[in-house]
Amino acid sequence: MGINKMGQLLCCIQVDQSQVAMKETFGRFNEVLEPGCHCMPWIFGQKIGGYLSLRVQKLDVRCETKTKDNVFVTVVASVQYRAILDKAVDAFYKLSNTREQIQAYVFDVIRASVPKMNLDDFFEQKNHVAKAVEQELEKVMTNYGFEIVQTLIVDIEPDETVKRAMNEINAAARMRVATKDKAEAEKILQIKRAEGEAEAKYLSGLGIARQRQAIVDGLRDSVLAFSDNVPGTTAREVMDMVLVTQYFDTMKEIGASSKSSAVFLPHGPGAVRDVAEQIRNGLLQAQAH
C-alpha cells in the first residue's frame, strides 16, 4: 500500500517539494497546500483537487511561416515558464491546457513578426523576435498565474533548396576572394621574378665587362713587356704571337675535355693568320665603339 493511500486512510496527505496541492471541500476550492504533511479529513468532504508544479518547465514550439522575400522557414522557439506561487489558484483552475495556450501565442507573434523581415535579416535579428514573443507571453500568461522565464529562437530551418542555394552563394563569394588573392600573389611573384632576372642580368653584364677589361689589360701589359725585353719587335707582331698562343691553348682545352663535341676549324699557318686578323679586327672595332 502506497504512502499516499495510507495517509488518506489516516486523513493525512503529503505534498512534495516544488509542488503545491489544491485542497477542495465537496468540490469547492478551499486553500493551497504547500510542501509538507497536511491533515485531510475525507469524511468531511475534503480532498486534493490536484497538484501544481512550481518547477521551471520547457516547451519547444515549431512554427512554419514565410519571410518577406517569400522563403518558407520552420522556426523553433523554446519557452521556459513556471507557475507563480501567489497565483497558484489561477494557474491551476483558469487554464485547462497551459502548453497549448502558450503555443498559440507563440504562433501568433512569430507569424506576425517574421513576414516583415527578409531571411538574412531574420537570422541577424532573431533575438528581437524572441524578445517580442517573450513580452507578449508575459503580458498574457501573468493573468493566468504563470511567469515566462525566458524565450529563445533556437533554430531557423529554411527549405532544403534554399539552404543549398545559400551555401552555393557563400561558396561562390569565397571562391571570388580566393581567386583575387591568388592573382595578387602571382602578380607579386612575377614582379619579383622580373626584378631578380633584371638584377642578375645587370650583375652578369658587369662581370663580363670586367672580364673583358681584364683581358685587354693583360694583353696590353704582355705586349709592352715583350716589346721592352725583345728590341726590334712591333706591337702587331707581339699581338699576333699572343693570339696564336691563345689559339693553341683553346685547341688544347677542346681536345682535353671529355664532354666536348666535334669542332671543325680550318687549321694551318694561313688559318692561324686569318684567326689573328679576325680577332684583331674585332678588338679594333670594339675600341672604336
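Just so you know, these numbers use all the heavy atoms, side chains as well, and skip hydrogens, waters and symmetry mates. Not measured: the values here are computed from a predicted model.
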Exercise for the section: Could you give me the CA-CA distance, side-chain angles and deciding distance for Gln14 and Asp16, then say whether side-chain hydrogen bond (donor to acceptor under 3.5 Å, both in side chains) is met? Expected result: CA-CA 6 Å; Gln14 173 184 310; Asp16 296 332; 2.8 Å; yes
Separation between [atom1] of [X] and [atom2] of [Y], rounded to the nearest 0.5 Å:
X: His38; Y: Cys12; atom1: NE2; atom2: SG; value: 10.5 Å
X: Leu137; Y: Thr151; atom1: CG; atom2: OG1; value: 5.5 Å
X: Lys131; Y: Ser113; atom1: NZ; atom2: OG; value: 14.0 Å
X: Glu147; Y: Tyr81; atom1: CD; atom2: OH; value: 13.0 Å
X: Glu138; Y: Asn143; atom1: CD; atom2: CG; value: 10.0 Å
X: Ser78; Y: Ile153; atom1: OG; atom2: CD1; value: 9.5 Å

Would you kindly confirm whether [X] and [Y] end up in one hydrophobic cluster when ILVMFWY residues are joined by side chain heavy atoms under 4.5 Å apart?
X: Leu152; Y: Val79; result: no
X: Ile84; Y: Ile148; result: no
X: Met117; Y: Val73; result: yes
X: Met40; Y: Tyr51; result: yes
X: Val106; Y: Ile156; result: yes

Determine all donor-acceptor pairs shorter than 3.5 Å in which one atom belongs to a side chain in residues 183-200; sequence neighbours excluded.
none

Exercise for the section: Check whether any side-chain heavy atom of Asn118 lies under 4.5 Å from a side-chain heavy atom of Phe122, and answer yes or no. Expected result: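 No - every pair of side-chain heavy atoms lies 4.5 Å or more apart.
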Practice task
Would you check if Pro115 and Lys66 make a side-chain contact, meaning some heavy-atom pair closer than 4.5 Å?
Solution key: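 Heavy-atom side-chain distance check fails, nothing below 4.5 Å.
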Handout entry: Main-chain N/O of Ser53 paired to Arg82 side chain as donor or acceptor, under 3.5 Å
Key = no
Problem - Crowding at NZ, Lys23 (>12 non-hydrogen neighbours, <6.0 Å) - result: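 Yes, the 6.0 Å shell around NZ holds more than 12 heavy atoms from other groups.
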Exercise for the section: Please indicate whether Glu34 has more than 12 foreign heavy atoms, meaning atoms of other residues, nucleotides or ligands, lying under 6.0 Å from its CD. Expected result: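 Check fails, neighbour count at 12 or below.
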Handout entry: Shared-cluster residues of Met175, by chain and number - hydrophobic side chains joined below 4.5 Å
Key = none
Exercise for the section: List, by chain and number, the other hydrophobic cluster members for Leu54, where Ile, Leu, Val, Met, Phe, Trp and Tyr join if side-chain heavy atoms come within less than 4.5 Å, directly or indirectly. Expected result: Val20, Met22, Phe29, Val32, Leu52, Leu85, Val89, Phe92, Tyr93
Exercise for the section: Report yes or no: is the cationic atom of Arg28 (NZ for Lys, CZ for Arg) closer than 6.0 Å to the six-membered ring centre of Phe26, at no more than 45° off its axis? Expected result: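 So Arg28 doesn't make the cation-pi contact.
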Exercise for the section: Quick one: list whatever passes salt bridge (charged side-chain N to carboxylate O under 4.0 Å, His left out) with Asp60, sequence neighbours left out. Expected result: Lys58
Practice task
With side chain to side chain contact (heavy atoms under 4.5 Å, CB included) as the test, would you mind laying out the steps for Met141 and Leu95 before giving the verdict?
Solution key: CA-CA 10 Å; Met141 297 305 295; Leu95 288 178; 3.7 Å; yes
Practice task
Please assess Thr74 against Asp155 for the test side chain to side chain contact (heavy atoms under 4.5 Å, CB included), listing each intermediate value before the final yes or no.
Solution key: CA-CA 8 Å; Thr74 300; Asp155 197 8; over 6 Å; no
Problem - Sequence-distant partners of Thr67, side chain to side chain donor-acceptor pair (under 3.5 Å), two or more places apart - result: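 Side chain to side chain donor-acceptor pair (under 3.5 Å) list for Thr67, sorted by chain: Asp69.
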Practice task
Test Glu157 against Arg62 for salt bridge (Lys or Arg N to Asp or Glu O under 4.0 Å), laying out the working first.
Solution key: CA-CA 10 Å; Glu157 301 176 0; Arg62 297 179 64 89; 3.2 Å; yes
Problem - Heavy-atom closest pair, residues Ala91 and Ala83 - result: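 Closest heavy-atom pair between Ala91 and Ala83: CB-CB, 4.2 Å.
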Problem - Gln46 versus Cys39, closest heavy-atom pair with distance - result: OE1-O, 4.4 Å
Show me the side-chain donor-acceptor pairs of residues 96-103 shorter than 3.5 Å, one per line, residues at least two apart or across chains.
residue	atom	partner	partner atom	Å
Asn97	OD1	Arg99	N	3.3
Asn97	OD1	Glu100	N	3.1
Asn97	ND2	Glu100	OE2	3.4

